[in-house]
Visitor: 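Take a look at this one; I'll ask things after.
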Amino acid sequence: MTRDPKDTSSLAPGAVARLIAALTALTAMSNFHRANLGALAPELARDLSLSPDALGLANGAFFLTLGLMQIPVGLMFDRIGPRRTVALLGVPAVAGAALQAVAVDPRSLIGARLLLGAGCGASFMASIVLCARWFGPARLATTASRVFAFSQIGSLAAGTPLAAGAAVIGWRGMFATSAALTALVTLAFHRAVTDDPPGRETAPRPRERLTAVLSGLLAVWRTKGLWPVLAMHTFIYASAAVVLTLWAGPYLADVHALAPVARGHVILAMAAAQAAGTLVVGPLDLRLNTRKWIVVPGACATISTLLALAAFGHRSTALAIGLLVLLCLVTSYSVVTVAHGRSLFPDALAGRGVTTVNLFQLIGSTTLPVLAGHVVGGFPAAQGVRPPAAYAAAFIAVAACLGSGLLIYLLFARDSRPRG
């Protein structure tokens, strides 16, 4: 006898707890790797002779290969399941994290980030696919938001703890430690997680011919209503991530002269705000029975905060910190667009569908750091310090990109209602 996939009442609490813990640890490590350049960016720039453009490329390199992996990861999810996919990609993840620790110049750091991004290619989408399998698509945003909120411990660790640890054992020692933790988390995930909840018969996953694979991908790309969601999702996460994971550190160092540990405190507060916002926003789609009208106000709040940073952030350190924290708080609705995208696909295409949605998030996360780095680098530096106008221009550029996605989504996206 099989369990109704919409009935979550019979799930054993212990099995649910193991799943949530494993998904949280996996996504926390990915969050750490995404964010670990931010707090140490000035020190990395000094030791490895990184220009603003090179720093942007190093951060964007992670998201580039993370994005390139989404199509093969989606196929692997549908063919061999998330558990084995994550285990296989753990090898390049550990290798990339270790190579960061021995980087000697911009090229070697960028290479390490490329490998690390490929290894983290399944982390976030494994959470989406497994939450949908275990709890049903209607509860996807609620359950995934809890995982993503708790996993912000990775971003928190990339703030003050990383800066403080680097002050003791150096940034190379901290990156080496992160490689060891990545290996432990991957092994624990493989041992603790099953692709389907206990008591449910695993759906057969027949080997697909190449024509069937291509047909499935084509069906995903042709899905009605997909493109407006992709236009919005491209810049939601990236609009906060480009600041949290990379430019908050240099901005606070150049404009407000904050030391590494003080910058780490701010990045920690930003990550905590993002976690709190995700916990609040995630369940709203089920409560309000709408997804579009959660995303639109969230995007408007993000754009307003970025423009306020550009206009007023240089006037006061306290104001700048408050706006940076607010930015991460209001930009916590990307999980709702993921749920919007997932609602468009049948179960047979779920893996390829959600990784396609994530691909566009990663396109934004790849291009925005490079764009911001180019903008900041276009302003002359005085003794290695960029002027406030450089960062203001970068904030405006990010806001403009998000605004373009919002316009398309607002005009053309049909609402997705969890309760029909």
Side-chain angles (χ1 to χ4, degrees), residues 19-36 59 62-78 81-83 85-90 92-93 96 116-135 140-155 158 182 185-186 189 193 195 229-230 233-241 244-245 271 274-275 278 281-282 331-342 345 350-366:
L19 174 72
I20 297 299
L23 293 177
T24 297
L26 182 69
T27 52
M29 284 308 310
S30 182
N31 275 332
F32 176 84
H33 292 311
R34 292 177 185 221
N36 62 15
N59 194 66
F62 177 94
F63 292 102
L64 174 63
T65 48
L66 196 67
L68 291 175
M69 287 299 296
Q70 294 312 292
I71 298 302
V73 162
L75 294 171
M76 293 167 73
F77 280 172
D78 290 335
R83 175 174 172 267
T85 300
V86 168
L88 289 172
L89 292 182
L116 182 58
C120 292
S123 299
F124 272 68
M125 288 301 100
S127 297
I128 295 295
V129 171
L130 288 171
C131 284
R133 285 189 181 184
W134 278 59
F135 304 104
L140 173 59
T142 299
T143 53
S145 68
R146 293 171 184 165
V147 171
F148 293 156
F150 297 148
S151 71
Q152 287 300 323
I153 191 174
S155 298
T182 301
V185 167
T186 302
F189 180 90
V193 168
D195 286 338
V229 175
L230 296 182
H233 197 55
T234 299
F235 298 113
I236 294 176
Y237 173 82
S239 61
L244 172 63
T245 66
Q274 193 170 66
T278 302
V281 172
T331 314
S332 53
Y333 52 94
S334 62
V335 67
V336 180
T337 54
V338 172
H340 192 164
R342 171 61 185 91
F345 304 109
R352 277 162 279 196
V354 296
T355 51
T356 296
V357 174
N358 196 48
L359 169 62
F360 278 76
Q361 171 184 295
L362 297 171
I363 289 173
S365 297
T366 301

Visitor: Return the set of residues passing side chain to side chain contact (heavy atoms under 4.5 Å, CB included) with Thr65 (not counting sequence neighbours), or none when no residue passes.
Guide: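 Counting only residues at least two positions away or on another chain, Thr65 forms a side chain to side chain contact (heavy atoms under 4.5 Å, CB included) with Leu114, Ala118.
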Visitor: Please round to the nearest 0.5 Å and tell me the distance separating atom CG of Asn31 and atom CD1 of Ile153.
Guide: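 Result: 10.5 Å between the selected atoms.
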Visitor: Could you please spell out the steps behind the side chain to side chain contact (heavy atoms under 4.5 Å, CB included) verdict for Gln70 and Leu362?
Guide: CA-CA 9 Å; Gln70 294 312 292; Leu362 297 171; 3.6 Å; yes
Visitor: Enter the distance from Ile20:CD1 to Ser151:OG here, rounded to the nearest 0.5 Å.
Guide: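 OG of Ser151 is found 11.0 Å from CD1 of Ile20.
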Visitor: Taking C-beta and beyond as the side chain, do Ser123 and His33 meet within less than 4.5 Å on heavy atoms?
Guide: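 In short, these two side chains do not touch, never coming nearer than 4.5 Å.
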Visitor: Please report the shortest heavy-atom distance between Leu244 and Ala271, naming the atom on each side.
Guide: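 Result for this residue pair: CD1-N, 4.2 Å.
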Visitor: Just jot down the side chain to side chain contact (heavy atoms under 4.5 Å, CB included) partners of Ala93, sequence neighbours excluded, or say none.
Guide: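 Thr182.
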Visitor: With rounding to the nearest 0.5 angstrom, report the CE to CE distance, Met76 to Met69.
Guide: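 Answer for the CE-CE pair, Met76 versus Met69, is 6.5 Å.
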Visitor: Phe148: which residues meet the ring pair (Phe, Tyr, Trp, His ring centres under 6.0 Å) condition with it, sequence neighbours left out?
Guide: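 Phe148 satisfies ring pair (Phe, Tyr, Trp, His ring centres under 6.0 Å) with Phe124 once adjacent residues are dropped.
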Visitor: Would a distance-only check, ignoring hydrogens and angles, find a side-chain to backbone donor-acceptor pair under 3.5 Å from Asp195 to Arg83?
Guide: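 A pair under 3.5 Å: yes.
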Visitor: Using salt bridge (charged side-chain N to carboxylate O under 4.0 Å, His left out) as the criterion, list what pairs up with Arg342, not counting sequence neighbours.
Guide: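 Expected list: Asp347.
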Visitor: If you compare all heavy atoms of Val129 against all heavy atoms of Pro82, which two are closest, and at what distance to 0.1 Å?
Guide: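 The answer is CG1-CG, 3.9 Å.
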Visitor: Might you point out which heavy atoms bring Leu26 and Val86 nearest each other, and give the distance in Å?
Guide: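 The pair with the smallest heavy-atom distance is CD1-CG1, 3.7 Å.
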Visitor: Determine the minimum heavy-atom distance between Ala240 and Gln274, stating which atoms define it.
Guide: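 Taking every non-hydrogen atom into account, CB-NE2, 4.2 Å.
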Visitor: Can you name the closest pair of heavy atoms from Cys131 and Val147 and give their distance?
Guide: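 In this case the closest contact between Cys131 and Val147 is SG-CG2, 4.3 Å.
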Visitor: Got a second to check how far Thr356's OG1 is from Phe345's CZ, nearest 0.5 Å?
Guide: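 Rounded to the nearest 0.5 Å, the OG1-CZ separation comes out at 6.0 Å.
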Visitor: Which value, rounded to the nearest 0.5 Å, describes the distance between Thr27 atom OG1 and Leu23 atom CG?
Guide: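 Going from OG1 on Thr27 over to CG on Leu23, the span is 7.0 Å.
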Visitor: Quick check for you: to the nearest 0.5 Å, what is the distance between Leu68 atom CG and Leu359 atom CG?
Guide: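 Between atom CG of Leu68 and atom CG of Leu359 there are 8.0 Å.
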Visitor: Decide yes or no on side chain to side chain contact (heavy atoms under 4.5 Å, CB included) for Val73 and Leu89, but give the supporting numbers first.
Guide: CA-CA 9 Å; Val73 162; Leu89 292 182; 3.8 Å; yes
Visitor: Just jot down the side chain to side chain contact (heavy atoms under 4.5 Å, CB included) partners of Ser365, sequence neighbours excluded, or say none.
Guide: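 Ser365 satisfies side chain to side chain contact (heavy atoms under 4.5 Å, CB included) with Phe63, Tyr237, Ala238, Gln361 only.
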Visitor: With Ser334, which residues qualify under side chain to side chain donor-acceptor pair (under 3.5 Å), at least two apart?
Guide: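 Not a single residue meets the side chain to side chain donor-acceptor pair (under 3.5 Å) criterion with Ser334.
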Visitor: For the residue pair Ile128 and Ala144, what are the closest heavy atoms and their distance?
Guide: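 Closest approach of Ile128 to Ala144: CD1-CB, 4.0 Å.
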